[in-house]
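A short worksheet on the structure shown next.
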Amino acid sequence: MQRLKEILRRIDHRGYSAYQELRGKQFQSSLFELFFDQVQKDPFAPATRIRVRIPDDFAKFPDWTFKNKIRRIALEDFLLRQLSREAHKFSRKRGEGKSGAIFSYQPSQCVIERSAIRKKENFLEACFFIGLPSRGRRILGQQAEVMLLDDLKRLITMSLLYESLVSEDLELHIKTIEAAEFLRNRLKELGLTCFVGNGSILPRRSGVDDRPMDAKKAVPFIAPKELECTIELPNLGSITGMGIPEGVVLIIGGGFHGKSTLLRAIQDGIYNHIPGDGREFVITVKNAIKIRAEDGRSIAGVDISPFINNLPQDIDTANFTTENASGSTSQAANIIEAIEAGAELLLIDEDTSATNFMIRDSKMRRLVPDALEPITPFIDKVRPLFNDYHISTILVTGGSGEYLNVADRVIFMQNYQALDYTDRVKKLITEKPHIQKFGKIDSRIPLKSGLNPEKRPGRIQAKAKGAGRLILGRTEIDISQVEQIKELGQVEAIARTLVYIYQYLIDKKITLNQIFQMIKQKLTEEGLESISYQSHPPHLAEFRILDFAFVLNRIRGLKIIKPI
Ligand code: ADP
Ligand code: MG
């Protein structure tokens, strides 16, 4: 660190570019090693990326905090939250632009694997960002010295050492996440797609704030007796709640009674949540995917023939391509793409569905015979989907009773309380639905030309742009409707994975499904960072193959051929 001090004194008051001398350099203090992975070009550019490595001798995390993968992820998540909070206290304006800023990656309410903080074999490593200070684009060496020599050491001491944190909080964090993960892993053998623990707080503070609604206003969830189940958890005793069985499950009820809120909690139940979130024990199978209408999206070579046939002008629906999908074709494509990427549970809300895709009532069926109607509505396919592919569906509906005919279970929401209406509904139902086959789906082969990540020859550009966009080369992908992506780091990781498949996998023969399997294997075996073309990426977060597939399928200009 003495060497760092000397450099900062030497470049004091020089032009901003003199900071570049730090790039790639490494310094040693009594407590940690400091790496400058990337140095900003000017005070307004993206902040400088630094990385600190603290040997276990100082960090001193006991073995139980990282003895298996899920505990390690929980530990890393806990430390990131602590670092992020503490960094805020040291961050202040020390000159122009980003001068003086100290910050880390911002996590959501979910606990997922991230590259920002890593507990490695013999050390703890944390990436974060600082704004190297200047005024009038002249280096403020003294300010930099305070930040990098004093503040940094205090920040690390306060947030990244075992002795500096409240060990009860860490323990609760780790135990909660481990129990949640355990529960998710048990769902399949219990024949469930989802579990909603009693006492869960499902509503959020607002549409843009994912923290729980004020405890005084929120009605805690209670399972109806018929769907109640109790599960033994590691660390935390047993938990009772509602088990949603596999098959076709409806959530019905009057408007404003909490149907969509329940469904949203279920769709977020693919993630584990921090203690205090209210959804710690709302647990859904990992491969659950929200399906919605998304008119205007592009579709490339998708076989939507199970749903749509005999379009005017002989349009081929087994190889359907459009730059501007309608509500129904977009929803059909979303389902087919979800099946291709390994979905086990579809989550559908009437609020965000195309009516003509979902149902066709008996009057309409009499008026327009099936032979003349291109759309086979989802209601005719929801059972075959389960029978033929073992894919379950949870569906919210308040406006139409049609689906009551095909449901295995019916949950009625009344004043935010769930009631089991299955028996009542069974008494109402007289018609037996005619069960058809779902139909087969062709596999697809992507071509390189549709996925070029180069902004100009030799210059790769693949990154998140705000919450709802991803930039790949010269195209922008609208992913605002891919609802289960929760963090920017997931978008960053997906962007890099798109570059990876472009560079290493796509070859005119390999199908999308095979690509998904290969990425999954690589991520499992070599870790999140292995997908990145940069070394020490500071802001990657774990993502699902399903979400990766959903992003890929939204690339305008995606080119698909069929296997011969
Ligand atoms: P629906 O889909 O049945 O029309 P929503 O799920 O959209 O109803 O919920 C309507 C409103 O009620 C939302 O503003 C939501 O935040 C609130 N809400 C939902 N569940 C609860 C609950 N358990 N306690 C308090 N408020 C809730
Ligand atoms: Mg609703």
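Both counts, for ligands and for their atoms, begin at 1 and track the order of listing. Excluded from the calculations below are hydrogen atoms, water molecules and symmetry mates; all remaining heavy atoms, backbone and side chain alike, are included.
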Do [X] and [Y] get their side chains close enough for a donor-acceptor pair, meaning under 3.5 Å?
X: Thr397; Y: Ser400; value: no
X: Arg297; Y: Gln481; value: no
X: Asp351; Y: Ser260; value: yes

Requested in this report: Give me the ring orientation class for Phe129 and Phe103: parallel if the planes are under 30° apart, tilted from 30 to 60°, perpendicular past 60°.
Outcome: parallel

Query raised in the report: What does the list of residues with a heavy atom under 4.0 Å from ligand 1 look like, ordered by chain and number?
Result: Pro203, Met213, Lys217, Ala218, Val219, Gly254, Gly255, Phe256, His257, Gly258, Lys259, Ser260, Thr261, Tyr416

Report task. Compare all side-chain heavy atoms of Gln490 with those of Gln484 and state whether any distance is below 4.5 angstrom. Result -> no

Query raised in the report: Does the side chain of Ile244 come within less than 4.5 Å of Thr284's, by heavy atoms?
Result: no

Requested in this report: Kindly state each residue pair satisfying ring pair (Phe, Tyr, Trp, His ring centres under 6.0 Å) with at least one member in residues 287-307, sequence neighbours excluded.
Outcome: Phe307-Phe357, Phe307-Phe438

Query - Proximal protein heteroatoms (N, O or S) of the Mg ion (ligand 2), under 2.8 Å - result: Ser260 OG, Asp351 OD2

**Report entry** All salt bridge (Lys or Arg N to Asp or Glu O under 4.0 Å) counterparts of Lys463, not counting sequence neighbours
**Finding:** none

Requested in this report: Check Leu552, Val551, Leu451, Ile494 against Leu472 for a side chain to side chain contact (heavy atoms under 4.5 Å, CB included) and give me the one that passes.
Outcome: Leu451

